[in-house]
Amino acid sequence: MLTNIIGSMVRFESIQPGLQSRIFSTGNDNFFDFNLIGIIQRGDATVSMEEMYQVTESSIFCIPHKKQAKVLVPAGSQVWLLGYRDELSSLVTGSDLDSAKLETLMRQFTITSSSKQDIDEEFLPLMKLLKAEISTTNKRSRTVICSIIRVLLIGIYRLSNIESIRLTHSPDELVLQQFRQLVEVEYRNRRPVSYYCEELIMTYDRLHAICQRNLKKSPLQLINSRVLIEATSRLKKSAGSIQAIANDLGYSDGSQFSHFFKKETGISPSQFKRNHTEKGVIESDENTPDFSDWP
């Protein structure tokens, strides 16, 4: 159970690398009305709802209140978990121009990829500041704690690139925002475009037209772009086999992954990995493509 603070309104825990895995539940019992934010500093975590979602290192996930889920933190992972009761939403989101954006962010399950630099420089200082405020039991302030959570959400919102959606929320912008978040959650499962159409409750023709009109790409091209970003990042960083990387990206057959990668880049995954290794390229986190590079 998360550390209970300010009565039963906010719960917080810093999970350090250990020898045993741990499981946290949301959406039922005492956590029924809790929104949950998780920051993966090291290792990974698994969010289990109707399906299983792998959340990798330097990623952030948000689970809205009443959403039943289990968060598995395996041995060796370092994760920050922050839950706040939905009654605090008005204090957390505020009533200014950013409020609608933050409410949109916390209304759905999202996974946002980040970078080690963003986690270390932007989010960890906020979590440590929150931890310090919570620790001062005789002086801690609900207003200060809610303000820190608000700044944290604004950082997540900006990183996920949702700030490009204007408050006027044109129909196209809302669809693209929802499609983008669905892709981030599902791209490792190799969902067909028809799946996204069903989730968005729209026809393929409409989704295709919106993507082409605004981004000059088809829905499938956008999905493939996200997969390719992850594939190239893993090929550069991982010492694992091509098959292992293919499996992580939803390809049970390594040859299918190789065909996809060669079609998108012009070279095979093994050649890409070999070229990168031979050049001895060491890229900084800020130059490594991530979710923010997705159109």
Side-chain angles (χ1 to χ4, degrees), residues 1-5 9-18 20-86 88-89 92-93 102 104-116 118-131 134 145-146 148-160 162 181-182 184-186 188 290-292:
M1 179 177 290
L2 299 179
T3 302
N4 188 5
I5 63 168
M9 302 298 283
V10 177
R11 299 182 180 185
F12 175 88
E13 184 155 341
S14 170
I15 304 171
Q16 298 302 312
Q20 295 183 333
S21 61
R22 301 179 64 182
I23 297 178
F24 300 88
S25 298
T26 67
N28 53 31
D29 298 330
N30 293 333
F31 288 94
F32 181 72
D33 284 324
F34 271 73
N35 300 285
L36 185 67
I37 303 166
I39 298 177
I40 314 299
Q41 183 177 354
R42 181 189 305 174
D44 56 24
T46 301
V47 178
S48 174
M49 292 187 286
E50 295 84 359
E51 298 184 26
M52 305 280 284
Y53 301 97
Q54 192 76 11
V55 188
T56 57
E57 187 169 291
S58 299
S59 294
I60 303 167
F61 63 88
C62 298
I63 303 175
H65 77 291
K66 298 184 181 180
K67 189 74 171 179
Q68 290 194 2
K70 291 186 181 297
V71 180
L72 170 63
V73 180
S77 289
Q78 187 170 8
V79 178
W80 299 75
L81 290 177
L82 168 62
Y84 65 93
R85 191 172 287 278
D86 200 55
L88 292 179
S89 290
V92 170
T93 59
L102 302 186
T104 298
L105 176 67
M106 292 306 300
R107 276 201 300 262
Q108 56 194 317
F109 170 58
T110 60
I111 300 174
T112 301
S113 293
S114 182
S115 67
K116 185 177 184 301
D118 284 329
I119 295 294
D120 290 347
E121 296 182 3
E122 182 172 356
F123 296 105
L124 290 189
L126 289 172
M127 300 306 282
K128 291 175 181 177
L129 184 62
L130 182 61
K131 185 176 182 180
I134 291 169
I145 290 173
C146 288
I148 295 172
I149 297 174
R150 175 179 169 79
V151 174
L152 176 67
L153 288 179
I154 290 173
I156 298 170
Y157 178 91
R158 289 174 175 172
L159 186 65
S160 64
I162 301 176
Q181 291 292 349
L182 280 171
E184 179 63 12
V185 170
E186 297 288 354
R188 296 183 185 88
D290 60 24
F291 186 35
S292 63

Begin with the C-alpha distance, continue with both residues' side-chain angles, and end with the deciding distance and a verdict on side chain to side chain contact (heavy atoms under 4.5 Å, CB included) for Phe24 and Arg11.
CA-CA 12 Å; Phe24 300 88; Arg11 299 182 180 185; over 6 Å; no
Side chains of Glu184 and Ser113: is there a donor and an acceptor less than 3.5 Å apart?
yes
State, to 0.1 Å, how close [X] and [Y] come at their nearest heavy-atom pair, and which atoms those are.
{"X": "Gln54", "Y": "Arg188", "value": "O-NH1, 3.5 Å"}
{"X": "Ser77", "Y": "Gly43", "value": "OG-CA, 3.6 Å"}
{"X": "Ala69", "Y": "Met49", "value": "CB-CG, 3.4 Å"}
{"X": "Ile60", "Y": "Leu159", "value": "CD1-CD2, 4.4 Å"}
{"X": "Pro74", "Y": "Ser21", "value": "CA-CB, 3.8 Å"}

Is there a side-chain contact between [X] and [Y], using heavy atoms and a 4.5 Å cut-off?
{"X": "Ile63", "Y": "Phe34", "value": "no"}
{"X": "Pro64", "Y": "Arg107", "value": "no"}
{"X": "Val185", "Y": "Thr110", "value": "no"}
{"X": "Leu124", "Y": "Trp80", "value": "yes"}
{"X": "Val10", "Y": "Leu82", "value": "yes"}
{"X": "Gln78", "Y": "Pro17", "value": "yes"}

Across all chains, not counting sequence neighbours, the ring-ring contact (aromatic ring centres under 6.0 Å, His included) partners of Phe123 are none
From [atom1] ([X]) to [atom2] ([Y]), nearest 0.5 Å:
{"X": "Asn35", "Y": "Asp86", "atom1": "CG", "atom2": "CG", "result": "5.0 Å"}
{"X": "Leu105", "Y": "Thr112", "atom1": "CG", "atom2": "OG1", "result": "7.0 Å"}
{"X": "Met106", "Y": "Ser89", "atom1": "CE", "atom2": "OG", "result": "7.5 Å"}
{"X": "His65", "Y": "Leu36", "atom1": "NE2", "atom2": "CG", "result": "13.5 Å"}
{"X": "Ile154", "Y": "Ile149", "atom1": "CD1", "atom2": "CD1", "result": "12.5 Å"}
{"X": "Lys70", "Y": "Met52", "atom1": "NZ", "atom2": "CE", "result": "11.0 Å"}

Show the numbers, then the answer: is there a side chain to side chain contact (heavy atoms under 4.5 Å, CB included) between Arg158 and Glu122?
CA-CA 12 Å; Arg158 289 174 175 172; Glu122 182 172 356; 5.6 Å; no
For the side chain of Gln41 and the backbone of Val79, is there at least one donor-acceptor N/O pair under 3.5 Å apart?
no
Is the side chain of Thr56 donor-acceptor paired with the backbone N or O of Asp44 at a distance under 3.5 Å, no angle test?
no
side-chain contact (heavy atoms from CB on, under 4.5 Å) partner of Met127, chosen from Ile148, Ile39, Ile119:
Ile39
Step through the shown structure and confirm whether more than 12 heavy atoms of other residues, nucleotides or ligands are within 6.0 Å of CD on Gln16.
yes
So, do Tyr53 and Phe109 have ring centers that fall under 6.0 Å from each other?
yes
Just do the side chain to side chain contact (heavy atoms under 4.5 Å, CB included) check on Leu153 and Ile37 with the steps written out, would you?
CA-CA 9 Å; Leu153 288 179; Ile37 303 166; 3.5 Å; yes
Test Leu81 against Phe61 for side chain to side chain contact (heavy atoms under 4.5 Å, CB included), laying out the working first.
CA-CA 10 Å; Leu81 290 177; Phe61 63 88; 3.9 Å; yes
